[in-house]
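Structure, as structure tokens:
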Amino acid sequence: MFKRINVNLLLFNFCVHGRFPFVIYLQVFNAKTAELLSHHQVEIQQKFPKEGWVEQDPKEILKSVHECVERTCEKLQQLNIDITNIKAIGVSNQRETTVVWDKTTGEPLYNAIVWLDLRTQSTVERLLKRIPGKNKSFFKFRTGLPLSTYFSAVKLRWLLDNVEEIRQAVDDGRAMFGTIDSWLIWSLTGGKNGGVHCTDVTNASRTMLFNIHSLEWDPELCQFFDIPVEILPKVRSSSEIYGLMVCFLVLSFQCLGDQSAALVGQMCFQDGQAKNTYGTGCFLLCNTGQKSVFSQHGLLTTIAYKLGRDKPVCYALEGSVAIAGAVVRWLRDNLGIVKTAQEVEKLAAEAGTSYGCYFVPAFSGLYAPYWEPSARGIICGLTQFTNKKHIAFAALEAVCFQTREILDAMNKDCGIPLNQLQVDGGMTNNKVLMQLQSDILCIPVVKPSMPETTALGAAMAAGAAEGVGIWSLNPGDLTAVTCERFEPQINPEESEFRYARWKKAVMKSMGWETSEAPSNGKTEMNVFSPELSYNTSLMGFIFISFSICWKNY
């Protein structure tokens, strides 16, 4: 099916942004200059069998990966690029989406359950009853995570409880579990004919089955969730050769969770360096080095990366904002005050101020640092003078205020205030937003000229793997990145005043929803977990960015 290419490694970058088509996205980088040479994407539709359920077809994902590779190779040839110079491919994926398949047939036993799927709320509640004091943070110091619908262990437990075919396959010793990276690597390295069943530490650290200190599957956690260790993949570093790929001469695999890949792509290798990715939501990660820092202010502890078998593991503090780009789509699709997302920037620029209007987009509760599922969205401070321009400005400002709250929590946990924020993602093309972010944080905001840092980071880690060695991660060897810098343009007193007013609005948004409130003759059930919750009505764009390292001889 593939052209004959001298390839060492394939890279997939798999990110979830919402309700729009799921897209496999392949990008090819020059390992010497980090230049983006070519790309191709293939769309896949998500499945919503019930309210709150989000699924994907693993076979369709795999088929589209094959198509994406073929089309990209054709594009490279059209550009007169010698595809035999391709040297590295790696996988970067959304970290919690769960797949179980039959190792004897190579067939998935159920659709992949996507990270934001909410069907496991009852599973979480049942598991909580087995924890002293129903403490959701009971396993925090082993996993860095609270018990939540978000993570893979709960999804896997639901599959074992509800899918007879999977239970039978486990009993027969035929079942394999993995996140999307594991499914693709196993399939592309031979599948039922000797495929490699593995994952990396960043993905393993999001399952709630992995001890982030010993870097091994935790027997007691597996016992708590009643999940057999035998079905779990082998855990490897984020940058090493995993196996050979079918139809290619020589191939190694590397994988790295998407937010970790963005951290690497932003070259945040030093303690205290942080990046914020602006998509449907925002994800702010701060590198804490070889020390795992446990948050006292509502953040998660996760593995940032382990760039080689003999390299040390590095950790990160992570904070998430539920609604960022989604608020722009809400203004467009729900309110209809703009026809395109770009118009929001224009309206906000014309207003220049919110004129005392504050927007809290808590459409499905508040995430970090509050984890408050009872909150709901509000727009307050309205007067007869308020118009759609002020609301557009307030919406962008809300993204910045939410990031400020995460950054404040991170500064408290780390003890060293961040002196600048490195940013990436689609929303960073909005210059008004970036200037507002700098003003609200009172520190510079730095945006790279190549915003696809998730794909770039995975390519860097892939190219740096032992046995590949075409991309150096030594700071002195890294290619200088051209950046756009936004400096604060308001005084700190004004920033603090606006931030205080925002915090007042946030307090007004809380306690709005209750489990007893009737709706249309029915009782509303609060299905959102206090830590991480997602509303399927707010799902945005989902894509895989599949990036290839290419050596320029």
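Being a predicted model, the structure only gives us computed values, none of them experimental.
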Q | Candidate pair L26 and Q41, rule side chain to side chain contact (heavy atoms under 4.5 Å, CB included), full reasoning | A | CA-CA 6 Å; L26 186 149; Q41 69 183 47; over 6 Å; no

Keeping the roles fixed (side chain from [X], backbone from [Y]), state whether a donor-acceptor pair exists under 3.5 Å.
{"X": "T179", "Y": "E96", "answer": "no"}
{"X": "D117", "Y": "R119", "answer": "yes"}
{"X": "K306", "Y": "R309", "answer": "yes"}
{"X": "K134", "Y": "E125", "answer": "no"}
{"X": "S295", "Y": "G298", "answer": "yes"}
{"X": "K275", "Y": "F283", "answer": "yes"}
{"X": "T202", "Y": "G257", "answer": "yes"}

Restricting to non-hydrogen atoms, name the atom on [X] and the atom on [Y] that form the minimum distance, rounded to 0.1 Å.
{"X": "L300", "Y": "P146", "answer": "CD2-CD, 3.4 Å"}
{"X": "A461", "Y": "S238", "answer": "CB-O, 4.2 Å"}
{"X": "A368", "Y": "I406", "answer": "CB-CD1, 3.4 Å"}
{"X": "T199", "Y": "D181", "answer": "OG1-OD2, 2.7 Å"}
{"X": "L256", "Y": "G457", "answer": "CD2-O, 4.3 Å"}
{"X": "T189", "Y": "G243", "answer": "CG2-C, 4.4 Å"}

Q.
Please evaluate residues C198 and I185 with respect to the criterion side chain to side chain contact (heavy atoms under 4.5 Å, CB included), reporting the C-alpha separation (whole Å), side-chain torsions for both, the decisive distance (0.1 Å), and the verdict.
A. CA-CA 8 Å; C198 69; I185 292 171; 4.0 Å; yes

I need the [X] [atom1] to [Y] [atom2] distance, nearest 0.5 Å.
{"X": "K234", "Y": "W217", "atom1": "NZ", "atom2": "CH2", "answer": "13.5 Å"}
{"X": "C286", "Y": "E318", "atom1": "SG", "atom2": "CD", "answer": "11.5 Å"}
{"X": "N287", "Y": "C314", "atom1": "CG", "atom2": "SG", "answer": "5.5 Å"}
{"X": "Y305", "Y": "L285", "atom1": "OH", "atom2": "CG", "answer": "11.0 Å"}
{"X": "D424", "Y": "T277", "atom1": "CG", "atom2": "OG1", "answer": "3.5 Å"}
{"X": "S260", "Y": "I303", "atom1": "OG", "atom2": "CD1", "answer": "8.5 Å"}

Q: Verify whether one side chain among S64 and E67 offers a donor that lies under 3.5 Å from an acceptor in the other.
A: no

(Q) For the residue pair H40 / K75, report whether a side-chain donor-acceptor contact shorter than 3.5 Å exists. (A) yes

Considering only NZ, NE, NH1 and NH2 on the basic side and carboxylate oxygens on the acidic side, decide whether [X] and [Y] come within less than 4.0 Å.
{"X": "R167", "Y": "E164", "answer": "yes"}
{"X": "R236", "Y": "D200", "answer": "no"}
{"X": "R95", "Y": "D258", "answer": "yes"}
{"X": "D57", "Y": "K59", "answer": "no"}
{"X": "K311", "Y": "E466", "answer": "no"}

**Q.** Qualifying salt bridge (Lys or Arg N to Asp or Glu O under 4.0 Å) pairs, either residue in residues 140-151, two or more places apart
**A.** R142-D218, R142-E220

With heavy-atom distances below 4.5 Å as the criterion, would you say the side chains of [X] and [Y] are in contact?
{"X": "T143", "Y": "L221", "answer": "yes"}
{"X": "Y242", "Y": "C255", "answer": "yes"}
{"X": "I212", "Y": "Y315", "answer": "yes"}
{"X": "V54", "Y": "I113", "answer": "no"}
{"X": "F151", "Y": "T207", "answer": "no"}
{"X": "L109", "Y": "V163", "answer": "no"}
{"X": "K155", "Y": "L159", "answer": "no"}
{"X": "L307", "Y": "L473", "answer": "yes"}

Please output the side-chain donor-acceptor pairs of residues 222-233 that fall under 3.5 Å, not counting sequence neighbours, one pair per line with the distance.
none

Just jot down the side chain to side chain donor-acceptor pair (under 3.5 Å) partners of [X], sequence neighbours excluded, or say none.
{"X": "D161", "answer": "R126, R157"}
{"X": "R71", "answer": "E74"}
{"X": "T302", "answer": "S205, R206"}

Q: Assign the ring pair W53 / W158 to parallel, tilted or perpendicular, where the plane angle (0 to 90°) is split at 30° and 60°.
A: perpendicular

Q. Once the angle between the rings of F294 and H213 is folded into 0 to 90°, is it parallel (under 30°), tilted (30 to 60°) or perpendicular (over 60°)?
A. tilted

Q. H197 and W183: aromatic ring centres closer than 6.0 Å?
A. no

Q: Go through the steps for I323 and W330 under the test side chain to side chain contact (heavy atoms under 4.5 Å, CB included), then give the verdict.
A: CA-CA 10 Å; I323 305 298; W330 184 81; over 6 Å; no

(Q) Restricting to side-chain contact (heavy atoms from CB on, under 4.5 Å), what partner residues turn up for K192, sequence neighbours left out? (A) W186

(Q) For H39, is the NE2 atom crowded, meaning more than 12 foreign heavy atoms sit under 6.0 Å from it? (A) no

Q: I would like to know whether L36 and L456 meet side chain to side chain contact (heavy atoms under 4.5 Å, CB included); could you show each step before the answer?
A: CA-CA 9 Å; L36 178 63; L456 176 61; over 6 Å; no

